[in-house]
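Structure first, then comments.
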Amino acid sequence: MTVARTPAVLETLLAALRARVSGPVLTATDDLQPYRRDRAADPGAGTPLAVVRAQSVTDVQAVIELAAAHGVAVIPRGAGSGLSGGASAVDGAVVLSVEDMREIAVDPVTMTATAGPGVLNAELKAAAAQHGLWYPPDPASFEFCSIGGNVATNAGGLCCVKYGVTRDYVLGMTVVLADGSVVELGGRLIKDVAGLPLMQLFIGSEGTLGVIVSVTVRLRAAPPPSSTLLVTFDDIDAAGEVVVALARTGRLSMLELMDRTTVECVEHEHRGGLDTGACATLIVQSDEPGEAGAATIAESAAICTRGGAITVSQARTAAEGQHWAQLRRGAIPSVEAAAGSLLLGDVGVPLPSLGRLMVGIEEIAREAGVPIALIAHAGDGNTHPLVMRDTSSAESIARADAAYGRVMDLAIALDGTITGEHGVGRLKRPWLAANVGSDVVRLNQVVKTALDPQGILNPGAGF
Ligand SMILES: Cc1cc2nc3c(=O)[nH]c(=O)nc-3n(C[C@H](O)[C@H](O)[C@H](O)COP(=O)(O)OP(=O)(O)OC[C@H]3O[C@@H](n4cnc5c(N)ncnc54)[C@H](O)[C@@H]3O)c2cc1C
């Protein structure tokens, strides 16, 4: 859709928004600036007409109805921590922020929680913990990303290897559709097969099909404290082989990898005691209780040693293990701080191809002369190649862009995906058809047209 409208039409829209919406309608340049981009820092981000901070479902409905009536696009936005440009603003659009919609209710009997879309993942975890319960999905950004954004991207994280991704916990949601109507999907039921599984369409839909205004998730009993190994390798291929063997045990609750460049950046920022000389570092965790956990950790240590690890250290306390995991969580900001500007990859492959992907990424970095730091939710076969670039040099940008494209092509060639958990957003669209096939892209568009015939929701994102 075209979002350029005459000044008179835009003024009418702003006046109508101010009249109907209870939350702030921001239009000053300084106020708009923080809402132009997400953490991917999309260079193509536009300048919105306005940012509306919705306070209620009625506010969300009003924004969508008025924007649709004026032919203006709406960019749904949570906490803006996305890494694919999914929440990048479009020139002349209305950014619809749900960051203020933060009510939470925990039902310990059904072991569910219902949260407003702006509730941070960490706030949901904390509310569940007050009842001895746990919300597992744990993106490394859990302290500053929203549950609405998590559902809209089907966020993963560090414990997916055992506990799955956001989709595995969503039981119900309320969505405002592109015509402003409100639909309830699912609920608090563990089992429910009435009608087509339409709720699943909205999970991972990146704000293109509707605005999620409430989410009901399943909770679990809190797990016991974890036991953790820190393992180093002088060869990333060997680390990849060991990951495959460790994952086959089927018992680990965390299996994360950082390469040397990443560890150097993390150590520079945090001085956390990691070995900057190792080619690859694994963090291996079990949250099984008592003897079962001890047996899993002993077996994992033996697998690492047999697989050529240079060091295998067991955390003396659960707190030490959490410290290592916390260093991993801080890896992307640490690399960001060192590089200044990053192209963030999120490519994944079937687990047996993990070593080939990681070795291939190293080769691409070498051949292109571009530093690429590598982080992986290794147990899921999901890697984050962080392509570093010097934005003061057009030549460096071009080399980094080319290297990023080669990483995408490599993942596709290995039967993988261009995005395991961050979403296509705006930055990965050029590779989508090669990844899923043009017939599947067409099918995406059929669904989009059925739900948003005017194309007002997040145009340019996803597909
Ligand atoms: C340091 C760091 C570490 C990270 N680690 C992980 C990780 O381990 N795993 C992982 O999966 N991600 C990770 N991320 C990425 C990011 O945090 C997730 O994608 C998160 O789910 C985005 O949530 P958000 O609230 O910030 O959404 P936003 O960035 O605001 O939006 C993301 C997308 O969702 C849409 N959207 C947001 N809210 C709604 C809504 N209510 N209704 C409809 N659409 C909506 C937006 O339009 C956009 O397309 C990380 C990011 C950073 C900066």
Side-chain angles (χ1 to χ4, degrees), residues 1-56 59-102 117-118 120 141 144-146 148-149 152 206-208 211 333 336-337 339-344 389-392 394 397 425-427 429 455-461:
M1 75 175 299
T2 307
V3 290
R5 294 285 174 265
T6 63
V9 170
L10 298 180
E11 279 309 318
T12 319
L13 170 58
L14 286 177
L17 285 171
R18 290 198 172 102
R20 265 187 72 184
V21 173
S22 67
V25 178
L26 312 173
T27 52
T29 308
D30 286 354
D31 291 341
L32 299 182
Q33 198 57 28
Y35 293 91
R36 290 187 58 220
R37 298 186 169 88
D38 58 19
R39 277 289 278 270
D42 176 5
T47 302
L49 169 72
V51 172
V52 180
R53 288 177 60 156
Q55 308 295 305
S56 64
D59 277 358
V60 173
Q61 286 182 278
V63 171
I64 293 183
E65 282 169 14
L66 290 170
H70 290 78
V72 166
V74 174
I75 313 296
R77 184 179 175 101
S81 72
L83 293 173
S84 57
S88 300
V90 169
D91 281 335
V94 173
V95 172
L96 172 54
S97 169
V98 294
E99 68 197 293
D100 297 331
M101 295 175 67
R102 292 172 94 114
L120 299 182
S141 52
F144 54 90
C145 63
S146 75
E206 300 189 61
T208 60
V211 178
E336 266 175 351
S341 173
L342 289 180
L343 282 172
L344 290 119
R389 56 183 182 174
D390 171 4
T391 45
S392 65
I397 292 174
R426 290 180 169 75
L427 302 180
R429 278 185 66 191
I456 68 153
L457 290 176
N458 216 359

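The structure displayed is predicted, hence computed values, not measured ones.
Residues Pro48 and Arg36 are in side-chain contact: their nearest non-hydrogen atoms beyond the backbone lie under 4.5 Å apart. By the 4.5 Å heavy-atom criterion applied to side chains, Val95 and Val52 are not counted as neighbours. Contact annotation: the side chain of Pro333 approaches that of Arg39 to within less than 4.5 Å [non-hydrogen atoms, C-beta and beyond]. Residues Leu343 and Arg389 have side chains in contact (heavy-atom distance under 4.5 Å, counting atoms from C-beta outward). Contact of the Val72 side chain with the Ile456 side chain is not registered, since no non-hydrogen atoms from C-beta on lie closer than 4.5 Å. Arg102 places a side-chain heavy atom less than 4.5 Å from the side chain of Leu120. Side-chain contact between Arg18 and Thr27 is present, with at least one heavy-atom pair separated by less than 4.5 Å. Pro24 places a side-chain heavy atom less than 4.5 Å from the side chain of Gln55.
Ser97 and Glu99 form a side-chain donor-acceptor contact under 3.5 Å, judged by distance and modelled atom types alone.
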Any chance you could lay out the side-chain contact (heavy atoms from CB on, under 4.5 Å) test for Val94 and Ile75, step after step, and finish with the verdict?
CA-CA 6 Å; Val94 173; Ile75 313 296; over 6 Å; no
Could you please spell out the steps behind the salt bridge (charged side-chain N to carboxylate O under 4.0 Å, His left out) verdict for Arg37 and Asp42?
CA-CA 6 Å; Arg37 298 186 169 88; Asp42 176 5; over 6 Å; no
Would Arg426 and Val90 count as a side-chain contact (heavy atoms from CB on, under 4.5 Å) if you check the C-alpha gap in whole Å, the side-chain angles of each, and the deciding distance to 0.1 Å?
CA-CA 11 Å; Arg426 290 180 169 75; Val90 169; 3.7 Å; yes
Quick one: do Leu96 and Val211 satisfy side-chain contact (heavy atoms from CB on, under 4.5 Å)? Show the steps, please.
CA-CA 9 Å; Leu96 172 54; Val211 178; 4.0 Å; yes
Trace of the side-chain hydrogen bond (donor to acceptor under 3.5 Å, both in side chains) decision for Arg77 with Asn458:
CA-CA 10 Å; Arg77 184 179 175 101; Asn458 216 359; over 6 Å; no
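A distance of 7.5 Å separates CG of Asp390 from CD1 of Ile397, quoted to the nearest 0.5 Å. A distance of 5.0 Å separates CD of Glu206 from OG of Ser84, quoted to the nearest 0.5 Å. Within the model, atoms CG of Leu49 and CG of Asp91 stand 10.5 Å from one another, a figure rounded to the nearest 0.5 Å.
Of the listed residues (Leu17, Leu13, Leu10), just one forms a side chain to side chain contact (heavy atoms under 4.5 Å, CB included) with His70, and that residue is Leu13.
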